[in-house]
Amino acid sequence: MKKKIQERKESFKTDSGIEIQKTYPVKEGRVEVPGKFPFTRGVHPSGYRSRLWTMRQYAGFSTAEASNERYHYLLKQGVSGLSVAFDLPTQIGYDSDHELSEGEVGKVGVAIDSIRDMEVLFKGIKLQDISTSMTINSTAFVLLALYVALAKKQGADLSKISGTVQNDILKEYAARGTYIYPPKPSMKIITDLFEYCSKEIPKWNTISISGYHIREAGSTAVQELAFTLANGKAYLKAAIDKGLDINVFAKRLSFFFNAHNNFFEEIAKFRAARRMWAKITKELGATEPRAQMLRFHTQTGGSTLTAQQAQNNISRVSLQALSAVLGGTQSLHTNGFDEALALPSEEAAKIALRTQQIIAFESGVTDTVDPFAGSYFIENLTDEVEAKAWKYIEKIDAMGGAVSAIEMNYMQTEIANAAYEYQKKMEAGENIIVGVNKFTEKEPDPKNLLRIDDSIRKVQTKKLIKLRSDRDQPAVDKLIKQLKSKAKADENIMPTVISLVESLASLGEISDALRDVYGEFTGV
């Protein structure tokens with residue numbers, strides 16, 4: 001007997017007492033059902049009636065101590081999952097005392113050099129009780145190892161810890177640039193992580209395939225969708241080639257999309273994404289519904305935020321967040337209104353979270369599943385977005401897949417061309433940005449912005465000196481040698497990386513060991 005889904009309320013009604021049905025049938029055209037293939041109308045039969053999306057606030061800056069303080073603040077304000085931002089040296093595998101880290105430590109995220117920083121970052125927070133998303137790619141395997149090592153120290157049941165590592169290196173080559181190793185060894189590291197997680201931490205989402213940064217680099221909505229799914233297809237094929245079962249590992253894949261300003265196009269994009277991914281996974285052999293589902297996190301558009309009239313960003317973020325909810329997101333981060341000027345202040349972070357809570361508890365849009373289903377406009381727009389995205393994917397397939405397309409500079413060129421066209425239209429006044437190229441006014445210089453000074457590097461350097469003096473150096477050297485050997489032999493490196501972080505090896509040392517084996521990617 002099928003278990004009945006427990007909804008959040010006994011009934012859902014408007015302010016006038018009109019009862020809201022769970023779903024409304026499409027009177028014309030296709031008949032699709034929420035929770036059923038191809039999941040256009042959502043992956044859950046009851047949508048947000050049974051469970052709201054996870055409300056995250058992306059945070060991380062300065063030291064682990066400062067970020068930990070912000071996490072405790074956000075948890076008290078009602079966030080239901082943490083989302084960690086790392087500084088640039090951490091993202092590209094350099095310790096804070098490396099010469100290339102100068103001027104960047106703690107600036108765009110938190111500096112994490114070792115297990116000791118990780119312990120401080122989550123001090124007073126039980127990893128088994130929360131879901132953590134980590135926006136990290138080229139060093140995702142190290143950060144996951146640090147997280148696992150900390151969970152073990154806390155006595156957590158590894159089969160119960162949950163969260164996500166972004167771990168999407170292909171979009172780094174295409175749009176963002178925080179890569180270390182060439183594409184093929186990077187893909188090998190990613191599939192090592194897939195394999196390890198499927199056996200040891202089965203609730204962990206092993207990759208968040210990201211369209212967010214593709215969009216931030218200037219792509220259109222259609223390009224964001226097409227390139228993201230093409231990358232996803234490449235990860236599926238790499239895992240299958242490694243001998244993994246698509247019906248197992250595909251359940252742990254998630255996606256990360258951008259919510260931009262064109263309200264209806266964004267809703268159509270999210271609906272089309274689910275339908276397209278269901279078809280892709282089915283064609284590659286997935287037979288279980290959960291392996292065919294596209295589950296996704298959304299972040300409002302950072303590139304849409306303006307330094308001019310910054311409070312206008314509250315309205316932008318509200319509309320973008322609403323499009324993500326109406327599109328059926330499973331997780332959402334809302335940007336702070338001051339992020340075009342600096343890292344978000346506590347006030348901006350709280351307003352951003354309250355925006356989600358107002359949508360969830362006051363707007364009524366969560367009371368029925370896929371409320372735009374049956375709209376002539378949305379249904380047609382969903383079809384058009386899908387058709388255009390398939391054309392891109394067909395071109396990429398003809399090139400040999402996403403890795404080949406990136407090596408041929410195809411995605412990078414398409415994104416750059418789209419960004420150029422948008423900029424031209426903005427400068428010509430065809431695209432209006434309120435407060436930037438229309439309705440402008442002279443403003444006073446902003447005050448009370450959160451700034452990070454360069455003293456953070458000195459703090460982290462002292463920690464690293466102590467770390468190296470406290471550890472068993474011969475044991476670390478032996479494990480580094482073992483890591484290189486496994487990388488050369490094409491064996492899974494994750495168990496050795498976990499042993500290394502437990503032995504107080506630093507993130508930079510682990511990254512450098514693999515640089516010695518794989519070399520560095522210098523771009524196309």
Is a side-chain N or O of [X] found less than 3.5 angstrom from the main chain of [Y], in a donor-acceptor match?
X      : Y      : value
Thr220 : Gln223 : yes
Asn247 : Thr287 : yes
Gln91  : Asn137 : no
Glu216 : Ser303 : yes
Glu339 : Pro344 : no
Arg49  : Asp367 : yes
Thr368 : Gln21  : yes
Ser219 : Ile415 : no
Gln412 : Ile406 : yes
Asn313 : Leu305 : no

Residues 224-231 side chain polar contacts: donor-acceptor under 3.5 Å, at least two apart:
{"from": "Glu224", "atom 1": "OE1", "to": "Arg215", "atom 2": "NH1", "distance (Å)": "2.8"}
{"from": "Glu224", "atom 1": "OE1", "to": "Lys269", "atom 2": "NZ", "distance (Å)": "2.7"}
{"from": "Glu224", "atom 1": "OE2", "to": "Asn258", "atom 2": "N", "distance (Å)": "2.9"}
{"from": "Glu224", "atom 1": "OE2", "to": "Lys269", "atom 2": "NZ", "distance (Å)": "3.3"}
{"from": "Thr228", "atom 1": "OG1", "to": "Gly211", "atom 2": "N", "distance (Å)": "3.4"}
{"from": "Thr228", "atom 1": "OG1", "to": "Glu224", "atom 2": "O", "distance (Å)": "2.4"}
{"from": "Asn231", "atom 1": "ND2", "to": "Phe227", "atom 2": "O", "distance (Å)": "3.4"}

Does some side-chain heavy atom of [Y] sit less than 4.5 Å from a side-chain heavy atom of [X]?
X      : Y      : result
Ser254 : His297 : no
Arg274 : Thr40  : no
Glu414 : Lys395 : no
Leu170 : Met411 : no
Phe194 : Ile207 : yes
Thr300 : Arg316 : no
Leu82  : Leu75  : yes
Leu236 : Leu253 : yes

[X] atom [atom1], neighbour heavy-atom count above 12 within 6.0 Å:
X      : atom1 : answer
Phe263 : CZ    : yes
Lys279 : NZ    : yes
Lys199 : NZ    : no
Gln6   : CD    : no

Phe256 vs Tyr212 aromatic rings, parallel, tilted or perpendicular, using cut-offs 30° and 60°?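 Ring orientation, 0 to 90° scale: parallel.
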Taking the six-membered ring for Trp, are Phe257 and Phe296 parallel (under 30°), tilted (30 to 60°) or perpendicular (over 60°)?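 The arrangement is perpendicular - the two ring planes meet at more than 60°.
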Between Asp168 and Tyr235, does the side-chain contact (heavy atoms from CB on, under 4.5 Å) criterion hold? Intermediate values first, please. CA-CA 9 Å; Asp168 177 5; Tyr235 292 125; 2.5 Å; yes
Would you check if there is a donor-acceptor pair between the side chains of [Y] and [X] at a distance under 3.5 Å?
X      : Y      : value
Thr304 : Gln320 : yes
Thr132 : Tyr147 : yes
Asn335 : Gln299 : yes
Gln292 : Thr281 : no
Asp370 : Thr23  : no
Ser210 : Arg176 : no

Please name all residues satisfying salt bridge (Lys or Arg N to Asp or Glu O under 4.0 Å) with Arg275, sequence neighbours left out, ordered by chain then number.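 Partners of Arg275 by the salt bridge (Lys or Arg N to Asp or Glu O under 4.0 Å) criterion, ordered by chain and then number, come out as Glu32, Asp383, Glu386.
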Determine the minimum heavy-atom distance between [X] and [Y], stating which atoms define it.
X      : Y      : result
Glu265 : Val385 : CG-CG2, 4.5 Å
Leu127 : Gln154 : N-OE1, 3.0 Å
Leu193 : Thr206 : CD2-O, 3.6 Å
Glu379 : Gly374 : OE2-N, 2.9 Å
Gly328 : Tyr48  : C-OH, 3.2 Å
Tyr181 : Ser186 : O-OG, 3.2 Å

Verdict with reasoning, Trp204 to Val165, per side-chain contact (heavy atoms from CB on, under 4.5 Å): CA-CA 8 Å; Trp204 194 267; Val165 272; 3.6 Å; yes
Between atom [atom1] of [X] and atom [atom2] of [Y], what is the distance when rounded to the nearest 0.5 Å?
X      : Y      : atom1 : atom2 : result
Trp277 : Lys233 : CH2   : NZ    : 9.5 Å
Phe372 : Phe377 : CZ    : CZ    : 9.0 Å
Ile180 : Ser511 : CD1   : OG    : 4.5 Å
Leu514 : Thr139 : CG    : OG1   : 11.0 Å
Lys203 : Lys251 : NZ    : NZ    : 14.0 Å
Ile190 : Phe141 : CD1   : CZ    : 10.5 Å

Could you tabulate the donor-acceptor pairs under 3.5 Å formed by side-chain atoms of residues 352-360, not counting sequence neighbours?
{"from": "Arg354", "atom 1": "NH1", "to": "Gln77", "atom 2": "O", "distance (Å)": "3.2"}
{"from": "Arg354", "atom 1": "NH1", "to": "Gln357", "atom 2": "OE1", "distance (Å)": "2.8"}
{"from": "Arg354", "atom 1": "NH2", "to": "Gln77", "atom 2": "OE1", "distance (Å)": "2.6"}
{"from": "Thr355", "atom 1": "OG1", "to": "Ile351", "atom 2": "O", "distance (Å)": "2.8"}
{"from": "Gln356", "atom 1": "OE1", "to": "Trp53", "atom 2": "NE1", "distance (Å)": "2.7"}
{"from": "Gln356", "atom 1": "NE2", "to": "Arg56", "atom 2": "O", "distance (Å)": "3.4"}
{"from": "Gln356", "atom 1": "NE2", "to": "Gln57", "atom 2": "OE1", "distance (Å)": "3.4"}
{"from": "Gln356", "atom 1": "NE2", "to": "Leu332", "atom 2": "O", "distance (Å)": "3.0"}
{"from": "Gln356", "atom 1": "NE2", "to": "Thr334", "atom 2": "OG1", "distance (Å)": "3.2"}
{"from": "Gln357", "atom 1": "NE2", "to": "Gln77", "atom 2": "O", "distance (Å)": "3.3"}

Could Lys282 and Phe37 be counted as a cation-pi pair, given that NZ or CZ must be under 6.0 Å from the ring centre and within 45° of the axis?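 Positive - Lys282 is close enough to the ring of Phe37 and near enough to its axis.
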Could you walk me through whether Gln330 and Met293 pass side-chain contact (heavy atoms from CB on, under 4.5 Å), step by step? CA-CA 12 Å; Gln330 277 68 62; Met293 291 177 181; over 6 Å; no
Less than 4.0 Å between a side-chain N and a carboxylate O, is that true for Asp241 and Lys237?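 Salt bridge flag = no for Asp241 with Lys237.
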Carboxylate-amine/guanidinium contact Asp192 Lys242, below 4.0 Å: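 Yes, Asp192 and Lys242 are salt-bridged.
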Looking at Leu507, Leu143, Thr135, which hits side chain to side chain contact (heavy atoms under 4.5 Å, CB included) with Phe86?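 Option passing the side chain to side chain contact (heavy atoms under 4.5 Å, CB included) with Phe86: Leu143.
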